[in-house]
Each structure stands twice: as structure tokens, then as C-alpha cells.
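Letters A, B, ... mirror the listed sequences (proteins, then strands); counts begin at 1. Keep in mind that what you see is a predicted model, and the values were worked out from it rather than measured. Quick note: numbers below take in every heavy atom, side chains included, and nothing from hydrogens, waters or symmetry partners.
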Number of protein chains: 2
Amino acid sequence: MKERLEGRPGRSAPGNGTRPTIKAVAAAAGVSTATVSQAVNDTGRISEATRRRVLAAAAELGWSPSAPATALRRARTRTIALVVRRPTDVLGADPHFSELITGLEGQLAPRGYGLLLHLVPDMAEESALYERLAAEGRIDGAVLTDARADDPRPGLLEGLGLPAVLLGAPDPAAPVPGVGLGQQDAGVREAVTHLLNHGHRRIAYVAGPADLLHSGLRRAAFESALAEAGLRPLAVRHTDFTEEAAVTVTTELLARPDRPTALVFPNDSMAVCGMGAAQRAGLRVPEDVSVVGYDNLPLGRWLHPRLTTVDQQVQRVGAAAALTLLAGCGEEVPAPLLDGRPRLVVRESTGPAPAGRP
Amino acid sequence: MKERLEGRPGRSAPGNGTRPTIKAVAAAAGVSTATVSQAVNDTGRISEATRRRVLAAAAELGWSPSAPATALRRARTRTIALVVRRPTDVLGADPHFSELITGLEGQLAPRGYGLLLHLVPDMAEESALYERLAAEGRIDGAVLTDARADDPRPGLLEGLGLPAVLLGAPDPAAPVPGVGLGQQDAGVREAVTHLLNHGHRRIAYVAGPADLLHSGLRRAAFESALAEAGLRPLAVRHTDFTEEAAVTVTTELLARPDRPTALVFPNDSMAVCGMGAAQRAGLRVPEDVSVVGYDNLPLGRWLHPRLTTVDQQVQRVGAAAALTLLAGCGEEVPAPLLDGRPRLVVRESTGPAPAGRP
DNA sequence: CGACGCTGGTTAATCGATATACCAGCAGGT
DNA sequence: ACCTGCTGGTATATCGATTAACCAGCGTCG
């Protein structure tokens, strides 16, 4: 391939493969490397004129400080880990995480932080991964998702000296701060109230895995909301979050003699599949059975019938988590204000309870 | 908080905040740091006994080579970028990516590579991001998704000296290798054949954004498959991939006097919403109109009716992309064998064309 | 017996940026 | 004239690992 002259000779020299270093910038600006460093970091004592000259030279050469070199010297990588734990690799499609990542990125990217993503099959692997990432000095902190009842990660991360946030932790105190709950139950309570107001009395709850903290919290909220009305759940079924489980459980519940008039699901995918199972069993939604989801997927707005669901604003939770974590990394950030609590979005999949045995 | 003794004194010293370095390992094993390096990298000349002694010492101290230091010295970060381009931040829930990431991770993680994830609003930002990541030496390569008709990224990445793979590129040649297509049209062709065999003659195609390469490819496949049967599409509508657009377009198409008997969508979310729109218009699926999706989301299996869709095996594409990229980074990897082409999964949302005007 | 070559290491330079300690001017005070 | 203090920089050690160059010891062969 023939060598071709570049239009702008000095500028970022595309294609030569050799990136400029701080030395090149120092030479171009006629100063020492120390001065360049001070100019870009806005530290030390240096005249405004020199600073501008250095920055101009850096821009001209298309130079940015080498992340590995900076990380080595500063012991800071500007990288945050997000580890997603999924039991099987067949199940890879949780829209929840896309939203979370969006929220995280919105805060991380403008501050020069990157998000290192990993998938692991189970908690043991996840713990091992944090140990490795910490030992290799690859990350400055971690976002912990899917808080478990007795979660080993906060202790582990603290031991490793890494800041972390635990999503869905009820306790904003030690060892690592939590984000996003405390009011987590608000959405479920609202859903129950909504159903009660529509005359539902036989309400069943399809829950997530029992060892997930938010499963327990939401279940408790569900039961206590019912209890306040002097009722008890018709049934509570823990599942593994798969669509298949949703169908199995729904089919079973709807076949009972004391068939529930309303079903509450732990996410929208399962709710949609639950609706499918109900229709397949010859029941109409919401005339024969009401269905409530959780997550507020875009899809739910357009189904037939449109899905009533709880919008838990994962994106905001992600943003708050990022800010908390950045603060833990020593960054100057505004306090993570988590205003919106989960709230019910009423659409068409819920309606008056069918007339029948009281 | 009271200091508590750790059970195993030497092991990985949790909580002291200071990670061991290669020096500590060298001292513990009674050798020089050079020897430690050679032991863990399996390079240089060193006796088997010493190697084992060093590895034992490393394990004892819980030491792994510092990633930043290694990256600085080797000019290799063992990090791959995956940049997701989404027009708005409201839209963050594409299950497609979860699958892709699963496929990538399956190959990257075992080789010590990490996946650096970023979200950007548009192509300009995406390009700028690659330039920054390259300038900072943060990544070894990149996975380029959503290939566009005239895609600036392959040229850019080549200019930056970074290996890359372009997903959904028809041309496995320069400047960067592509993965996952060439047979991309197979799924759509199969879908069309399936519909033709069921007597459908008025088939409409809902496509993705026109500037996305795979939109064009699939559209071409759709049209050519019809042409081979002496037919022309009833309509082709490009959309922005949102659920809302699916509903709008579907509603419009079904209101036509020459109403289509079958609709083909570019992903499952849109297909599901399309079904919703059809039902809302008083039509039955598949009796009045057949619907075909694309992606094979788990959800589609359990809907009512179950969704006929194209399984494009994103996960395998991801694995192949990872292998291609790793090879470009100089890793020893098996050749990326991409056996499975997209294939149609026939379920309940498609059926015989309704009797009517021929 | 001495040069040779092999084995199994070690020494020291290096990657790119940062931070501490230091220094050259120069103005001002006495 | 001389010391002081300040401004605006520079020289250099350092972060932790890799690697080229080098070397000690030892068996071997001419």
C-alpha cells in the first residue's frame, strides 16, 4: 500500500501507530514534562500563559495522558466494575441491566470513568472475580447488584479496600453504602392498594428467588399491605425469575378451585408470560384475572392489554449509585439525590375483580 | 471498630489496603523480581523447581501482576471496548446486547480480558470516544456494533492502530474484519418462504433505521426472496426501532384497503407490540394476520400466541467476534467458527393466509 | 587443561506520568 | 550590599512489572 501524505502534518498523526507521550508535548511546548503534567492536572504553580501553551501543544499533538501510566503512578484506574451474576448463560436478556447501565454511564462517563463489565455464573465466581480485579489493581470500586439476604460482597470489598455500593440494600450504613431501597416496597404497596380498591381479595404473588434481598422485601411489603386490610395472600410462589417459571406457576395458580383474581409478578417479562398463560387457559385479562408487572419495560405500554406495572426508575438508581461510588473514590460530586420512589403505572391489565364467590 | 485477628496470617492480608508487589513475592521465594516475572509468564529460562516455588509464594501472598504496570510496560491492557450507540437515553433496554455481551464475555474472561462498556448518543460521540480511549491507551481493540452503510469507524480504528470487528459486516475483508453476516439474510428468506408456503401474498416488512447496514441487507433479502416468487412487498417501512414506531406503522398498514396478511418485524419487541396493535384493531393473530419477529427473545416462547421469530444466535456471533478480535490482539485462539446461521423458529403467530381477495 | 556452551538465574534500563525537592530569578525591605 | 520571600519553573525518584544483556557455575570436549 502506498504511503500517502496526510493533510495536516502535526495533527495526531493517524496511522503511524505511535502515540505521542508527555515528552513530545513537553518538547513541543518548550517546557519540562513536569510542567506538562501540572498544566493538564491544574496543580502546582505555573503561569497562565505557560498552561495555555502546553494545552495548545497537547491538543495539537492529540495527546491525552496514558491511562496505564497514570493508574500506575496514582494507584487509581478510573474504572468501576459491574459484575452481573446469572445462573445460566442461556438467560442473558435482562432489560433491567440496560437501564441500570444507562444510569451509571450518565454519571461515570463525564468524569472520565469507565465501566468494566463482567458476567459470572454464581456468587463464588463473583467473589473470586473481585479478588482478582482488586489484586490486579484494575478497578477503583464496584457496583453490587442483586443484594442477597446474607451478602458476602460488602465485607469482601471492604476487606479489599475498594469502595462499593449495594443496590437494593435497605441499610445505607456499613460496610458499604446502599442505594435505591428503603422505599422499595412503596411500589408493591401501591399495587396492592390498587387491586384492593378494585375489589380484589384473592391475590397471589409470584416472587423472585428467595435468597435475593429485594424478593424478600417486596414479598414482605406485599404481605403487610394485605395484612393492613385484614387479608392474607392467596399464595406466594418463589421462582428463579425465568419466563418458564412464570408460565408454570401462573398455570398452576389459575387451575386452583379458589382461583386468584389478581396476580402480581416481580418483573414485566414474567408478567407478560403470565398473561400469555392466563389467556392460554381461556381466561381474559383483566376481566377474569388482573396482572401487575414490575420494571415498566417499554414493551408493556403497547401490549394488548397494556401492562399495569411498577416503575422503579432503575436509571435513577444507577445514577445515584454512580455518584455514591464516585464519592467513595474521592471524587467531588453532588450528593446523590434519589427523589423518585417506585410508583405504580396503571394501564389495562388490571381491572375490577370478577363477580363470584366473595 | 476493634481490630480482629485473621485466621490465616499470611494469606492475602485482607483489609490492610496494601497489595503485595512482585518484590514481596520475589523476597518470599528468595529470587529476583525478574525470575518471578518469568515464572508467571512462562517465559525465559528457569528451572521447574524455582517456577513452582515462585508460584507457590505468589499464591500464598495472593499476588497477581498489577494490570496498570503490565499495561504500561507491554502496551497491552487486555481490555476491549464495547460502545453502544443509542439515540436517546430513554431507550436503554435492548435485550440484543445482553446476549451479545454474554457471547463476548464467554471468550474474553477466560483469557483475562475485560470488557469496557460505554454508551453514547450518536456516531460523532462514538468516534470521539474511540479517539480518547486510544489516546489514553485504555483499550486493545473494539467491537463495533450496528454497522452503518457508510461506516466511519473501521477507517478510524485502523488509523488509531486498534484491531476491531464490525458486527454484521458483509465483507470479511478490510479494513477491519466483519463477523456474523453473509448469511444474515438466511433467516429472513426462510421466513418469507414460510409465509409463502402458507399462502401469504400480501406481506409487509417493518424495517429498522435505513442507515443501519443490516436493515438494508435484510430488506434486500426480503425483497429478493419475494421477487423469486414473482411477488413484490406490499410495503416496506423503515422505523427507528422503537416500540412506538412498531405500533404506529402496524396500525397504519392494517388500516389499508389491501391489508397485509403477514407482517415481518426487525426484532421481537416490535413484533410483540405489532401483535398488540393488531389485536387492538380487532384482528386475530394468526387467523387474520401473521406476525414474524427477529431475535428469539425468551419471552416470545410464552406469549399468546407464541411468537414465530428468527433466531440469529447473537451469542455465537459475540463469541466469534471475541475470537476474531483476540486474534487481532495477538492472542493464540482457535479460529472463530461461526457455524449456525440465523434460522426461523416457527411457533403460533404465523398461520395460513386468511381466505379473501387473491 | 582451557575454551566452550549450556543452565539458571541476576542486574539494570525501560514503559509514561506524577510529585517532591530543589533552584534560578527577581522584587522588596533594611 | 545582602538577606528574604515569592514566582515559575526544572531535575529526579518513583509507581510495578518486563526484558535485554549479562554472568556464575559446571560439565564437556578437543
Once salt bridge (Lys or Arg N to Asp or Glu O under 4.0 Å) is applied, do any residues pair with [X], and if so which ones, sequence neighbours excluded?
X: B:Arg132; answer: B:Glu136
X: A:Asp146; answer: A:Arg86
X: B:Glu332; answer: none
X: B:Arg148; answer: B:Asp211

Rounded to the Å, how far apart are [X] [atom1] and [N] [atom2]?
X: B:Arg138; N: C:dG16; atom1: CZ; atom2: P; answer: 17 Å
X: B:Arg52; N: C:dG8; atom1: CZ; atom2: P; answer: 13 Å
X: B:Leu72; N: C:dC15; atom1: CG; atom2: P; answer: 9 Å
X: A:Arg74; N: C:dG16; atom1: CZ; atom2: P; answer: 18 Å

For B:Ala135, which residues count as a side-chain contact (heavy atoms from CB on, under 4.5 Å) partner, sequence neighbours excluded?
A:Ser64
Does B:Ala109 have any side-chain contact (heavy atoms from CB on, under 4.5 Å) partners at least two apart in sequence or in another chain, and if so, which?
B:Glu105
Among residues two or more places apart or on two chains, list those pairs meeting salt bridge (Lys or Arg N to Asp or Glu O under 4.0 Å) that have a residue in [range].
range: residues 50-59 of chain A; result: A:Asp42-A:Arg51, A:Glu48-A:Arg51, A:Glu48-A:Arg52
range: residues 27-38 of chain B; result: none
range: residues 62-79 of chain A; result: A:Arg78-A:Glu331

When we call it a touch if two heavy atoms are under 4.0 Å apart, what does B:Thr70 touch: a base, just sugar-phosphate, or nothing?
sugar-phosphate
Under 3.5 Å, which N/O atoms of the protein pair with N/O atoms of nucleotides 9-11 of chain C?
{"unit_1": "C:dG9", "atom_1": "OP1", "unit_2": "B:Thr50", "atom_2": "OG1", "d": "3.2"}
{"unit_1": "C:dG9", "atom_1": "OP2", "unit_2": "B:Ser47", "atom_2": "N", "d": "3.0"}
{"unit_1": "C:dG9", "atom_1": "OP2", "unit_2": "B:Ser47", "atom_2": "OG", "d": "2.5"}
{"unit_1": "C:dG9", "atom_1": "OP2", "unit_2": "B:Thr50", "atom_2": "OG1", "d": "2.3"}
{"unit_1": "C:dT10", "atom_1": "OP1", "unit_2": "B:Ser32", "atom_2": "N", "d": "3.3"}
{"unit_1": "C:dT10", "atom_1": "OP2", "unit_2": "B:Ser32", "atom_2": "N", "d": "3.1"}
{"unit_1": "C:dT10", "atom_1": "OP2", "unit_2": "B:Ser32", "atom_2": "OG", "d": "2.6"}
{"unit_1": "C:dT10", "atom_1": "OP2", "unit_2": "B:Thr35", "atom_2": "OG1", "d": "2.2"}

Taking any atom closer than 4.0 angstrom to a non-hydrogen atom of chain A, what span of DNA chain D does the protein reach, first nucleotide to last?
D:dT7 to D:dG16
Axis bend over the full length of the helix from C:dC1-D:dG30 to C:dT30-D:dA1, computed from five pairs that close each end, to 10 degrees:
70°
Option passing side-chain contact (heavy atoms from CB on, under 4.5 Å) with B:Gln315 (candidates B:Ile101, B:Thr102, B:Leu104, B:Leu100)
B:Thr102
Side-chain touch A:Thr21/A:Ser66, heavy atoms, less than 4.5 angstrom
no
